[in-house]
> 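I have a structure here, written as structure tokens, and I will follow up with some questions on it.
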There are 2 protein chains.
Amino acid sequence: MITKTKVNRKQQIIEKATQLFQKQGYAATSMRDLAGYIGIEAASLYSHIKSKEEILQTICFQMANDFFQSLEKIELEKLSADEKLKKAVISHVKVLTKDSAASAVFFSEWRHLSESYLKDFLAMRNNYENKFIQILIDGHKEGIFKKMDAKFTVLALLSSINWMPSWYKPEGKLSPEEIAENVTDVFINGLKIRS
Amino acid sequence: MITKTKVNRKQQIIEKATQLFQKQGYAATSMRDLAGYIGIEAASLYSHIKSKEEILQTICFQMANDFFQSLEKIELEKLSADEKLKKAVISHVKVLTKDSAASAVFFSEWRHLSESYLKDFLAMRNNYENKFIQILIDGHKEGIFKKMDAKFTVLALLSSINWMPSWYKPEGKLSPEEIAENVTDVFINGLKIRS
DNA sequence: CCTACCGATCGGTAGG
DNA sequence: CCTACCGATCGGTAGG
């Protein structure tokens with residue numbers, strides 16, 4: 001049996017914590033819970049992490065980074081607004097489904113971050129939403145999208161996608177691309193048969 | 001000063017708990033927190049309620065009932081699928097915005113219900129979703145809606161609406177009807193200008 | 001509705 | 001990574 005290095009153990013702690021935070025919530029998950037699942041004493045966790053909140057911070061800011069990076073790549077491309085929106089949704093869904101447990105924690109447990117982290121977190125989220133809003137505004141200027149409340153629409157769009165980790169099963173039949181295809185198709189083209 | 005009756009006090013406890021559960025989450029809200037905001041001792045809460053979980057049960061099942069009743073009324077009406085969908089969304093949004101704090105608790109904190117209540121809760125939610133799914137299926141049969149994954153679409157639709165309590169401000173400029181109008185318009189007609 | 005209190009559990013530290 | 005332990009806090013009860 002190969003000895004586990006500290007790095008691996010830390011990774012293991014974060015992964016198990018992610019699962020527990022998703023299932024039970026951050027506040028309802030105790031360090032003794034977590035340690036028990038890993039097979040060590042609660043006190044031993046602190047050889048690898050500084051605090052319970054540090055775990056949450058790691059999860060939240062890792063996800064935030066992933067979302068940001070994936071969107072920034074797309075912003076550089078020269079695309080029409082509807083193509084850009086579709087690509088943005090696809091990469092959003094890809095990040096989301098790559099680790100749906102971490103995504104669920106990211107979306108539901110961020111409020112338990114302490115103040116200064118919370119501030120950074122909310123600023124990043126706002127920034128991210130604004131990039132989507134800009135795509136819709138551009139699309140309207142280009143004559144592709146109808147007049148609408150862009151912020152409202154983006155929040156509705158992101159909400160409908162972000163809720164997914166709560167019911168998305170990786171073994172399900174839909175790939176990230178198919179999910180994004182479905183979502184963008186509904187939002188861009190609507191449900192009605194065109195006449 | 002008029003003496004508060006027990007009924008009023010119980011109502012006050014539930015309302016304040018709803019606010020705290022929304023802001024901090026159920027698990028992170030202590031009975032001492034709650035009592036402090038009301039201005040009594042924690043032990044005194046138990047003259048009015050049986051347990052912390054009873055408060056959560058009251059909130060969740062009250063909301064579940066409201067949602068159900070509003071939808072059942074619409075099911076009886078003879079309407080085309082797109083009209084029925086719109087009406088269903090309007091009354092869903094109305095229930096949601098009537099008490100957005102209770103709605104937020106309903107959508108985010110139900111997992112802290114104990115097992116038997118959890119089972120009932122999930123059954124009701126499934127039942128509710130199925131009614132929406134049926135509307136979409138009927139709409140496809142009537143030739144109004146295109147072919148789609150009805151369950152997927154309903155979950156996306158409800159998610160985009162249900163996320164609202166986390167950012168909806170009653171003093172905002174949009175009425176429930178306008179919100180429902182925006183949401184259904186996007187879903188039914190899409191963002192693209194018809195050509 | 002309060003005082004007084006219960007056993008259980010919390011996140012975390014000291015020291016090895 | 002463990003044993004031993006800390007002060008704080010938890011939901012809730014007894015008795016008035």
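Lettering of chains follows the sequences in order, A, B, ..., and the numbering in each one begins at 1. Just so we're clear, the structure is a prediction, and the values are computed from it rather than from any experiment.
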> Does B/Lys84 come within less than 4.0 Å of B/Asp138, counting only side-chain N to carboxylate O?
no
> I'd like to know if the side chain of A/His112 reaches the main chain of B/Gln24, judged simply by a donor and an acceptor atom lying under 3.5 Å from each other, with no hydrogens or angles considered.
yes
> In this structure, how many angstroms lie between the C1' atom of D/dC1 and the NZ atom of A/Lys10, rounded?
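Rounding to the nearest Å, NZ of A/Lys10 and C1' of D/dC1 are 17 Å apart.
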> At a cut-off of 3.5 Å, list every protein nitrogen or oxygen paired with a nitrogen or oxygen from nucleotides 8-11 of chain C, distance to 0.1 Å.
unit_1	atom_1	unit_2	atom_2	d
C/dC10	OP1	A/Ser30	OG	3.1
C/dG11	OP1	A/Thr29	O	3.3
C/dG11	OP1	A/Lys52	NZ	2.9
C/dG11	OP2	A/Met31	N	2.8
C/dG11	N7	A/Arg32	NH1	2.7
C/dG11	O6	A/Arg32	NH2	2.9

> Once you round to the nearest 0.5 Å, how far does CD1 of A/Ile179 lie from NE2 of A/His92?
11.5 Å
> With a 4.0 Å heavy-atom cut-off, tell me which residues in residues 34-43 of chain B come close to DNA chain C, sorted by residue number.
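The stretch gives B/Ile40, B/Glu41, B/Ala43 as the residues lying under 4.0 Å from the strand, ordered by number.
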> Could you state the atom-to-atom distance from CG of A/Asn8 to P of D/dC1 in whole Å?
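Between P of D/dC1 and CG of A/Asn8: 11 Å.
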> Can you tell me if the side-chain N/O atoms of A/Ser44 get under 4.0 Å from OP1 or OP2 in D/dC2?
yes
> Cation-pi between B/Lys151 and B/Phe132: NZ/CZ under 6.0 Å from ring centre and within 45° of the ring axis?
no
> For the side chain of B/Glu109 and the backbone of B/Gly25, is there at least one donor-acceptor N/O pair under 3.5 Å apart?
no
> So B/Phe107 and A/Trp163, would you call those rings parallel, tilted or perpendicular, with 30° and 60° as cut-offs?
perpendicular
> Could you identify the nucleotide paired to C/dC2, looking across every strand shown and requiring Watson-Crick or G-U wobble geometry with both distances under 3.5 Å?
D/dG15
> For the atom pair CZ (B/Phe21) and OG1 (B/Thr29), what is the distance rounded to the nearest 0.5 Å?
5.5 Å
> For the residue pair B/Gln12 and B/Asn8, confirm or rule out a side-chain donor-acceptor distance under 3.5 Å.
no
